[in-house]
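Scroll down for the structure; my scribbles are underneath it.
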Amino acid sequence: MVACGCALLAGCGPLDRAELGRGVESLSALAAEGQLLADGVVQDRTRSTYTRVHAGTLAGDAAHEAQKLADATVEVGADRERDEAVAVAQRLDDALGELETFPSGERTAADVHRALTKIADDLERLAGRIKDGS
Amino acid sequence: MSAGVIKLSRLLELRVEAEDGTPVGRVHDVRVRRVDGRYEVEGLIVGPRGLLVRLGWRRARQRDVLAWKDVMAVDPDRLVVRRANSSARRM
Amino acid sequence: MDERFDLVYRLLDDQLVDVDGRRCGRVDDVELTGAAGEPLVVTGLLTGRGAYAARLPARWRRLARALFGRDVRGSTARRVPWTEVSDVGVTVALRRRAADLGLDGDDWRPLDRVPGG
Amino acid sequence: MKAVLQIALGIIAAIGGFVDIGDLVFNSQAGAVFGYELMWAVPIGVLGIGLYAEMCGRVAAVTKRPVFDVIRMRMGLTTGLIVLVASLFVNLLTVAAEIGGVGLLLQLFFDAPFTLFALLGALALATIIWFVPFEGLERLFGYAGLALFVFVAAALYLGPDWHSVARGFVPEAKSSTLYWYFVVGLVAAALMPYEVYFYSSGAVEERWGPGDLRVNRLNAVIGYGIGGLLSLGIMVSAAQLFAPAGVSPDHLGTVPLLAQVPFGETGLLLALLGMLFAIGGAAVDASFAGAYSIAQFAGWEWGKYRRASGAPRFTLAWLLFFALGLIVLMTGIDPLDLTEYSVVLSVVALPLTYLPVLLIARDRTFMGDHVNGAIAGSLGWVYFVVLVVVAVVAIPLLLATNAGAG
């Protein structure tokens with residue numbers, strides 16, 4: 001991989017690795033919050049209106065982040081990570097959308113929780129790859 | 001000079017100078033005293049200390065007050081006083 | 001009222017209250033009559049946004065006139081004869097009602113105040 | 001006996017009324033990002049508002065002068081106008097942020113479009129103000145705001161590591177600008193000037209006299225002191241729940257999770273209710289503060305105890321603030337961004353509104369023997385220096401961290 005090349009280009013014009021990393025970080029935060037939300041539904045310890053509205057807000061954030069990443073021109077070598085980040089962001093949007101649509105379904109919430117855990121792991125690995133530029 | 005109307009805001013804006021032109025500072029407050037039923041201007045509180053007085057930081061002592069009797073002329077842009085006021089000299 | 005007091009420290013910007021206790025503006029300027037070499041006597045108070053411009057730094061005066069209006073006696077600013085003042089304490093107490101002194105008019109309409117209008 | 005009850009009721013209302021959207025946002029984010037490290041900033045803000053409010057209450061009780069009357073009397077027209085324009089602008093941002101908060105919370109309760117709820121929220125608040133007498137107003141919002149103690153309960157229930165909580169109270173210098181941005185934000189959120197405009201005008205409106213100075217001190221010390229506990233409760237629970245999980249509270253709707261996770265639906269309801277009334281109360285206080293500022297500056301009749309007909313321009317002014325707040329919201333600015341701007345910008349104007357009160361509170365001509373004592377006197381000046389420093393660094397930090405986005 002052209003690790004050193006990317007480092008040199010960091011910070012000029014297009015989305016650099018640091019910004020890409022921050023984008024992935026905010027996606028992880030959304031995934032973590034989604035898990036808390038889904039837990040509440042799984043244990044039936046929350047209110048459906050709250051879950052629906054808040055899940056919708058988080059899904060909106062994920063969609064916005066996906067679009068921002070997709071539109072950005074990325075520095076050479078980082079575009080594979082960027083595409084992966086966009087894909088994960090869309091999966092995150094879909095999972096949170098599920099929660100918004102079925103805010104009181106314990107079974108769907110459990111599926112959403114599992115999906116979010118997987119997304120969180122994928123994001124963590126992606127973040128690691130972005131950071132060390134491999 | 002006929003008795004004219006002078007607004008307080010105008011006094012607060014004028015530079016104060018002694019007869020010989022030495023600057024005495026700005027008017028920060030105007031002290032009035034009751035004289036048979038009317039309030040007459042006794043003097044002007046002038047100079048840097050005057051600002052502290054206006055902010056309520058220091059009390060204006062009698063010697064900070066420049067007597068109105070010593071004011072010779074109220075020109076459009078300055079106030080001329082007969083002699084340099086004691087507090088002004090100390091500045 | 002005190003025997004001796006300082007106009008800016010105790011009177012200027014103070015709250016006007018009419019005989020019924022209604023707040024009716026502030027002392028925005030003080031009118032003195034007299035001249036150098038003669039007694040200078042407090043003869044009146046000015047209240048209203050028309051009096052603001054004269055009190056603001058010279059370089060803002062044109063903008064202030066546009067924003068707050070010129071000193072048009074009876075509309076943007078009103079004169080209260082000093083004889084109408086009964087006491088200068090926490091507030092400036094007036095002898096009569098605000099309406100009788102023309103002080104209850106709506107002198108501040110920032111909404112429809114069109115600069116230069 | 002009745003007097004003690006009366007005092008207690010007043011203090012309880014002050015506690016409930018302490019927290020507003022600024023405290024909720026900054027304390028939850030500070031806990032999520034820095035864990036316990038920023039706890040020391042909260043007492044600094046709380047001590048500041050307690051001191052400032054006590055002085056304003058004392059000045060109002062002894063001289064019958066609320067804050068803006070003092071500013072105009074002591075600083076004159078030019079400075080008075082500058083402070084008025086600055087505080088009206090910041091006040092408008094605060095009203096908009098608080099109404100936005102009300103809209104968001106109503107949406108979380110009933111799930112309907114946000115703009116509809118911001119409008120409904122504002123109308124509801126306006127009608128409440130119109131009919132409920134002044135004293136009742138404070139009590140209504142204050143008591144319901146006590147539901148925020150659910151966050152203190154959450155903080156305790158989640159079992160914090162008390163050692164690091166204690167260490168969090170020791171001020172620590174760190175190099176990150178975000179850290180210092182949050183220090184400023186936490187202090188500024190506690191020291192919102194509108195609270196003091198409202199408090200001192202209320203003291204005049206309720207015809208306080210020197211006899212009420214004891215209540216004034218209790219209000220300041222206990223009311224704000226315990227109120228500050230709510231802020232700490234939010235920060236500690238966020239440090240325990242959000243920090244380890246990597247959750248970043250970028251929405252008001254995230255904060256109730258702090259109570260939902262430990263206490264389920266009851267916790268969620270208490271949190272939503274407490275936040276709704278705390279923020280609703282703050283919207284009322286802020287719009288009144290704006291109306292008080294204009295009316296007191298210009299010398300108009302003011303005050304809620306004089307029926308609307310008795311104070312027409314004052315009433316128009318606070319309705320105007322609600323309307324303008326709604327208009328600002330309709331531009332689509334995120335209420336949380338509005339909150340951060342209003343909190344940080346309000347601290348910039350604070351020294352100019354704090355100094356005149358300090359000058360009058362120490363002026364024997366006006367205060368007689370109720371002048372600043374040794375503590376209030378010296379601490380008063382220490383805080384003036386603190387405020388000037390905070391005011392100077394506030395905007396650079398706001399820009400450097402683009403409003404805490406890091």
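Residue numbers start from 1 in every chain, and the chains themselves are labelled A, B, ... in the order their sequence lines are given, proteins ahead of strands.
- Side-chain contact of D:Gln240 with D:Tyr157: a donor-acceptor pair under 3.5 Å is absent, judged by distance alone.
- Both the backbone and the side chain of D:Phe109 come within contact range of chain A, judged by heavy atoms closer than 4.5 Å.
- Neither the backbone nor the side chain of D:Pro244 comes within contact range of chain A; no heavy atom of the residue lies under 4.5 Å from a heavy atom of that chain.
- The aromatic rings of D:Phe182 and D:Phe34 lie perpendicular to each other, with more than 60° between the two planes, well past the 30° mark.
- Residue D:Leu268 touches chain A through its side chain alone, counting heavy-atom pairs closer than 4.5 Å.
- A 4.5 Å side-chain heavy-atom check between D:Asn27 and D:Phe151 finds every atom pair outside the cut-off.
- If you measure heavy-atom distances from D:Leu269 to chain A, the contacts under 4.5 Å come from the side chain alone.
- Interface remark: A:Arg52 contributes side-chain atoms only to the contact with chain D (heavy atom separation under 4.5 Å).
- Chain A forms more heavy-atom pairs under 4.5 Å with one residue of D:Leu104, D:Leu108, D:Leu272 than with any other, namely D:Leu108.
- Here the side chains of D:Leu270 and D:Phe149 are not in contact, with every heavy-atom distance at 4.5 Å or above.
- Of the listed residues (D:Pro256, D:Ala32, D:Ala245), the one with the most heavy-atom contacts under 4.5 Å to chain A is D:Pro256.
- The two residues A:Arg45 and D:Val261 have their closest heavy-atom pair at NH1-O, 2.8 Å.
- Using a 30° and 60° split on the angle between ring planes, D:Trp180 and D:Trp40 fall in the perpendicular class, above 60°.
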Test side chain to side chain donor-acceptor pair (under 3.5 Å) applied to A:Glu124 and A:Ser28, step by step: CA-CA 8 Å; A:Glu124 208 176 327; A:Ser28 315; over 6 Å; no

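- There is no contact between A:Asp44 and chain D, counting heavy-atom distances below 4.5 Å.
- Contact count against chain D (heavy-atom pairs under 4.5 Å) is highest for A:Glu33 among A:Glu25, A:Gln35, A:Gln43, A:Glu33.
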